[in-house]
Number of protein chains: 2
Amino acid sequence: MNIKEVARLARVSTATVSRTINGSEKVTPETAERVRRAIEELRFFPNTNARALGSGRSSLYGLIISDITNPFFPELVKSFEDIAVQYGQEVLVANTDYDAARMEICVSRMLQRKVDGVAIMTSEMDERLVDEFSSRGIPLVFLDTGILQKGISNIVVDYPAGIDAAVAHLTGLGHTSISFITGPMRLASARSRRRAFIESLERNGIPMEDSLIEEGDHRMEGGHHAMKRLLEHKHRPTAILASNDMSAIGAMGAISELGLSVPVDISVIGFDNIAISAYTQPALSTVSLPRKEIARQAFRALYDTYQSPAPPAGSEYTIAPTLIIRKSTGPAPALRR
Amino acid sequence: MNIKEVARLARVSTATVSRTINGSEKVTPETAERVRRAIEELRFFPNTNARALGSGRSSLYGLIISDITNPFFPELVKSFEDIAVQYGQEVLVANTDYDAARMEICVSRMLQRKVDGVAIMTSEMDERLVDEFSSRGIPLVFLDTGILQKGISNIVVDYPAGIDAAVAHLTGLGHTSISFITGPMRLASARSRRRAFIESLERNGIPMEDSLIEEGDHRMEGGHHAMKRLLEHKHRPTAILASNDMSAIGAMGAISELGLSVPVDISVIGFDNIAISAYTQPALSTVSLPRKEIARQAFRALYDTYQSPAPPAGSEYTIAPTLIIRKSTGPAPALRR
DNA sequence: CTGTTAGCGCGTTCAC
DNA sequence: GTGAACGCGCTAACAG
């Protein structure tokens, strides 16, 4: 089943079939209708591979994420796809599993499929791989990674603002001993969040100590372990800020396992605002990272770059996270007496 | 950049380049090495589209799911992809969002990309669409949907066994008033679970009443609402079985919102065993639906069918869920005095 | 407005 | 073992 058979049945040339499929203006409504009926009758579906080959554009955008198992990402994927579909494009999703070797595979998949652009929502990516794309003129957009070259856009999350809001909320509740559970330190985004935390402490006049910080892995398990270590310190913190919601959820588990209560004994704040955080017990206070907006900006950055005849130098968008207060934060224990 | 340039640099024909790429035996190790170096030097990546066009096989499998936002699915997607990669295949994921119109779009995407097979992990799919695939000889595998034709395989989950284990666990704890939160009734899988529940009640000698069952939507929100309705009944149930973990999590939220406690006042059991269920407060007892096994069976069904010259009639695999007891279930309140 | 035709990049016969 | 040549299904440029 191919365009030729459709052409024969509709008594036109293959070019005309192609034109009607692609919505070209220069086809008489009547012939277009005849073609459409033929397509219908034969239940014909144009071969995407042939299309891409012929036209030189795949109408495919790559989306690289690090862990599809972290609810943050499916929500991002969904938003990205929704927008892409609106623009008649498709999405190829690939996860790196936080692994450099898999990242390499992801990149080669993208290259082989001749994607029209790639959104890299994992912060780790070595320059050699970036080059593979930019040397081929493939637009790129990063989340949080500060590279700015021709054809490379960047989405910058204002971590300081988000973390500051969280810290201010806690200090306002009387907390002076605030700990932080980081993500994996090899991730730039995790390092950014950590840095924002340290700086925020300073701004709030709270002395920073290394013992305040424990490393997690952006998963529940890592948050759980980090929290356990934190609870072993002589001076138990009264509040925890986690680098993402998954870590916070793991931390809350550890807290209640030790017979302590959130928020009575310890307050917890997450980061991301994944859907499930509204349903934890207690509901998690968190800093919201708006996925829809990130997805929209990322897609537009790629789309605009690819469309424009002279690719712009690469643009930068800023995302402002916002604090969402739920039930996992409360007054510092000392104030409760 | 194409195979021709590689051929020129390696001083061979394009055919030889093609052969070495595809690991053909009949290439002298020396020439193969030369070709490989040329590929490396030019950073050449074979064009997937051209490959698929020429060879007639896309090495692509479709995976249709209903809601990527439900953690059950990402875990399934991941397992499926891992296996596919092992076999040198790729995966095209599409979600229907429980929507018939989107299902239609998913199907046409699959058809246009000329996938070598499709795993349909959504239970709803009308026969006309099934026909689009089978008339083209594309292998299909369903989860839970009992169609058995040439080239169509089926993965059957033994719901009765899983639900029975859960109900037995509850009756063993003294519960006699057990409610059920269903999934959306238009889903076959949700209906299967509901039926299994009703039959299990009978087997356990518990009278079935309509007021015992409330409909959710397989999301937290639906579980939340369903639970609220359940709590308004005069005879409050002492135990809840939910059609999936997301519903159970929503239900637990509703319970604690009303000042009740799990498992002291009400026991809750979920279904699926998504990763997060181990980290809820209290940790959720649930019936585990092994994603890895489902993914493996699904992939093998497609792969074997596609490989074999004479497609088998379609096979059937059974998956046995297992009960996992955590902290959300306890003795019925009456027994506590 | 429509038809003809030459590729797109690769796999795959065939000869050699 | 290797090369030349055709075809996969479609788009795009050019005629008409």
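Here is the naming used below: chain letters follow the sequence lines, and residue numbers restart at 1 for every chain. Keep in mind that what you see is a predicted model, and the values were worked out from it rather than measured.
Set against dC10(C), dG9(D), dT2(C), the side chain of A50(B) has dC10(C) as its closest nucleotide. Comparing dT2(C), dC8(C), dC10(C) by their nearest atom to the side chain of T16(A) picks out dT2(C). Closest to the side chain of V27(A), from the set dT2(C), dG11(C), dT11(D), is dT2(C). For S18(B), counting side-chain heavy atoms from C-beta on, the closest listed nucleotide (dC10(C), dG11(C), dT11(D)) is dG11(C). Side-chain proximity of P46(A) to dG3(D), dC10(D), dT11(D): nearest is dC10(D). Counting only heavy atoms from C-beta on, R19(B) has its side chain closest to dG3(D) among dA13(D), dG9(D), dG3(D). Comparing atom distances between the T28(A) side chain and each of dC1(C), dC10(D), dT12(C) picks out dC1(C) as nearest. Taking every side-chain heavy atom of T31(A) into account, dT2(C) is the closest of dC10(C), dT2(C), dC10(D). The side chain of S55(B) sits closest to dG11(C) out of dC1(C), dG11(C), dG3(D).
Residue R51(B) places none of its side-chain N or O atoms closer than 4.0 Å to OP1 or OP2 of dC10(C).
If you measure from atom NZ of K4(A) to atom P of dC8(D), you get 7 Å, rounded to the nearest angstrom. When rounded to the nearest whole Å, the span between CG of N2(B) and P of dG9(C) equals 5 Å. Straight-line distance from the NZ atom of K114(B) to the P atom of dG9(D): 9 Å, rounded to whole Å. Rounded to an integer number of Å, the gap from N49(A) CG to dG7(C) P is 22 Å. The interatomic distance linking K26(A) (NZ) with dA12(D) (P) rounds to 11 Å, in whole Å. Rounded to a whole Å, the CG atom of N22(B) is 12 Å from the P atom of dT13(C). The nearest whole Å value for the distance from the CZ atom in R34(A) to the P atom in dT2(C) is 8 Å. If you measure from atom CG of N47(B) to atom C1' of dC8(C), you get 8 Å, rounded to the nearest angstrom.
V12(B) comes within 4.0 angstrom of sugar-phosphate atoms only, judged by non-hydrogen atoms across all strands, and of no base.
In this structure a side-chain-to-backbone donor-acceptor pair under 3.5 Å is present from T20(B) to V17(B). Judged by distance alone, with hydrogens and angles left aside, the side-chain atoms of R191(A) form no donor-acceptor pair with the main-chain N or O of P184(A) at under 3.5 Å.
Summarising the geometry, atom CE belonging to M1(A) is positioned 7.5 Å from atom CZ belonging to R136(B); distances are rounded to the nearest 0.5 Å.
Judged purely by distance below 3.5 Å, without hydrogens or angles, the side chains of S135(B) and R43(A) pair a donor atom with an acceptor atom.
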R291(B) and K78(B): CA distance, side-chain angles, deciding distance, side chain to side chain contact (heavy atoms under 4.5 Å, CB included) verdict: CA-CA 9 Å; R291(B) 256 93 54 203; K78(B) 191 173 191 165; over 6 Å; no

